Each structure stands twice: as structure tokens, then as C-alpha cells.
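Reviewing the structure listed below.
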Amino acid sequence: MQLLQNKVKEEGIVLSNQVLKVDSFLNHQMDPVLMREVGKEFTQRFKEHNVTRVLTIESSGIAPGIMTALELNVPLIFARKQKSLTLREDIYVEKVYSFTKQESNEITVSKKFINPGDKVLIVDDFLANGEAAFGLARIVEQAGAEVVGIGIVIEKAFQPGGRLLSEAGYRVESLVRIASLEDGKVTFA
Ligand code: G4P
Ligand code: NA
Ligand code: NA
């Protein structure tokens, strides 16, 4: 997606060989016009699937998620992150480990909001190791629903998430793919 690639080029800040800061349009300040285009693009790419729910994770997945859900005319659900949890009957829970943050969260979704037969499009802002996306997919599968695909705003293609998700059989559509953040610059795949 050229518009998004230009935005990354102009406003992305390379923090290290691993981390790209995009807090001027995605992770802190958000660009609603760009997010609307992101929603339209995911809708184009997945429109043949009769998506019934979009699923993301708080907090930065919510903006691209809601614009996609608006365009598809279906609800958005965002998984919540919690540090530790007392056992509850009414929620799906999965553990997600973040290599970037070196911490583990339990992510939860109320059983009310995903049902057997749902066709779920997973959306997230970043794809690194794929832990969050796999956790969301496991929640969809716990519910007896189907993951029709995974839409990612920015994939760091030098990390293994995209490959691992594809190998697991998921269709991954990334709007921008970054091959490298070496030498303080963004190289696109
Ligand atoms: P993974 O799910 O693909 O394995 O990714 P990882 O655990 O490494 O990501 C942990 C958090 O860091 C996620 O945000 C993810 O979006 C974010 N992240 C990973 N790589 C980058 C990067 O290069 N740049 C930026 N800006 N973020 C990155 P989170 O903790 O869920 O926070 P939130 O922003 O959604 O609240
Ligand atoms: Na994030
Ligand atoms: Na995220």
C-alpha cells in the first residue's frame, strides 16, 4: 500500500535494528484518514470471505480494526490484556508472550462476542514474532469459529511471524513489509 509506505518513509523513526517508531500516525497520535484507507484496503483483500467479525487486540490494533469493521459493516472486538486472571467461565483466555517486551499477558475475549460459524478477520498494527496473532487465532478456534485471514498494517519481515503464520495455514495480508531496519534506515521488502 503506497500511501502507507510513504508515511512510514516520511515519519517512521528507526529506534534500533528491531524496532520502528510510528507514533505520529499509528501508536500514539493516529491518522484517521490513513486508517480509513487501511480499512478499505483490508476490505478489498478479504471481501470474498463474508467476514462476520473483526478481531484485534488493545490498544493499537483498535484504530485499523474499527475502520476495517466499519467498511465491512460488522462488529469489531478487541481482546483485552490482563496481567493475571482469576478463572472465569464466561471468557476465552490465551497466554501471549512478547519477545519485544519480554513479558507475558493473558488476552481475553468474552464468549458472548464470538460464536461457532463466525468468520473472523484478525487485524493488528504490527507483526513481529506472531505471538499476538497466534493468540487471537487460538481464541477464534476455541470459539468454534473460523479465521479467514490476518490483516497486518506493518510486518517486520525480518522477524519470523509472517512465515510462521503462513506455515500454520493462515492467509496473511500485510500492507507494508519491512525487510530491514539496519543502518538506521527502513528498507522495504
Ligand atoms: P508479536 O505479537 O508479533 O510476537 O509481537 P511482539 O510481542 O514482539 O510485540 C509486542 C508489542 O510491541 C505489540 O504492541 C506490538 O504491536 C509492538 N511492536 C512490535 N514490534 C514493533 C515495532 O517495531 N514498532 C512498534 N511501534 N511496535 C512494535 P502492544 O504491546 O500490544 O502495545 P499496543 O501499542 O498495542 O498497546
Ligand atoms: Na503496538
Ligand atoms: Na498490536
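Keep in mind that this is a model prediction, so the values were computed, not measured. First listed ligand is number 1; within each ligand, the first listed atom is number 1.
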Give me the atom names and distance for the closest heavy-atom approach of Ala157 to Arg177.
CB-NH2, 3.5 Å
Numbered atoms of ligand 1 (with element) below 4.0 Å of Val19, judged on heavy atoms:
22 (C), 23 (O), 24 (N)
Looking only at distances, can you tell me whether any N or O atom of Leu20, backbone or side chain, sits closer than 3.5 Å to an N or O atom of ligand 1?
yes
Run the numbers for me: atoms of ligand 1, each under 4.0 Å from some heavy atom of Lys81, listed by number.
29 (P), 30 (O), 31 (O), 32 (O), 33 (P), 35 (O), 36 (O)
So, for Val140 and Ile122, which heavy atoms are closest and what is the spacing to 0.1 Å?
CG2-CD1, 4.5 Å
Can you tell me how far apart CG (Leu55) and CD1 (Ile114) are? Round to the nearest 0.5 Å.
5.0 Å
Ile107 side, atom CD1; Gln82 side, atom CD - distance, nearest 0.5 Å:
10.5 Å
Atoms of ligand 1 close to Glu58 [distance to a heavy atom under 4.0 angstrom, numbered from 1]
35 (O)
Looking only at non-hydrogen atoms, find the nearest pair between Val148 and Lys119 and report the distance.
CG1-CB, 3.6 Å
Correct closest heavy-atom pair for Tyr97 and Ser104 would be CD1-CB, 3.9 Å
Within less than 4.0 angstrom of ligand 1, does Gly130 place any heavy atom?
yes
Within the structure, is a non-hydrogen atom of Gln159 found at a distance of less than 4.0 Å from ligand 1?
no
Within this structure, what is the CG-OG1 distance for the pair Leu181 and Thr187, rounded to the nearest 0.5 Å?
8.0 Å
Between Leu127 and ligand 1, is there a nitrogen or oxygen pair with a distance under 3.5 Å?
no
Does Asn27, backbone or side chain, put an N or O under 3.5 Å from an N or O of ligand 1?
yes
Near Asp125 (heavy-atom distance under 4.0 Å), the atoms of ligand 1 are 16 (O)
Looking at Asp124, pick out the N, O or S atom nearest to the Na ion (ligand 3) and give its name.
OD1
Short list, please: which atoms of ligand 1 are under 4.0 Å from a heavy atom of Ala128?
3 (O), 5 (O), 8 (O)
Which ligand 1 atoms does Asn129 reach within 4.0 Å, using its non-hydrogen atoms?
1 (P), 3 (O), 4 (O)
Proximal ligand 1 atoms for Gln18, defined as those under 4.0 Å from one of its heavy atoms
23 (O)
Under 3.5 Å, is there a donor-acceptor pair between the Glu71 and Thr43 side chains?
no
Hey, could you give me the CG/CG distance between Leu34 and Leu175, rounded to the nearest 0.5 Å?
9.5 Å
In Asp125, the N, O or S atom nearest to the Na ion (ligand 3) is which?
OD1
d(Ile77 CD1, Lys112 NZ) to nearest 0.5 Å is 11.5 Å
For Lys21 and ligand 1, does the shortest N/O to N/O distance drop below 3.5 Å?
no
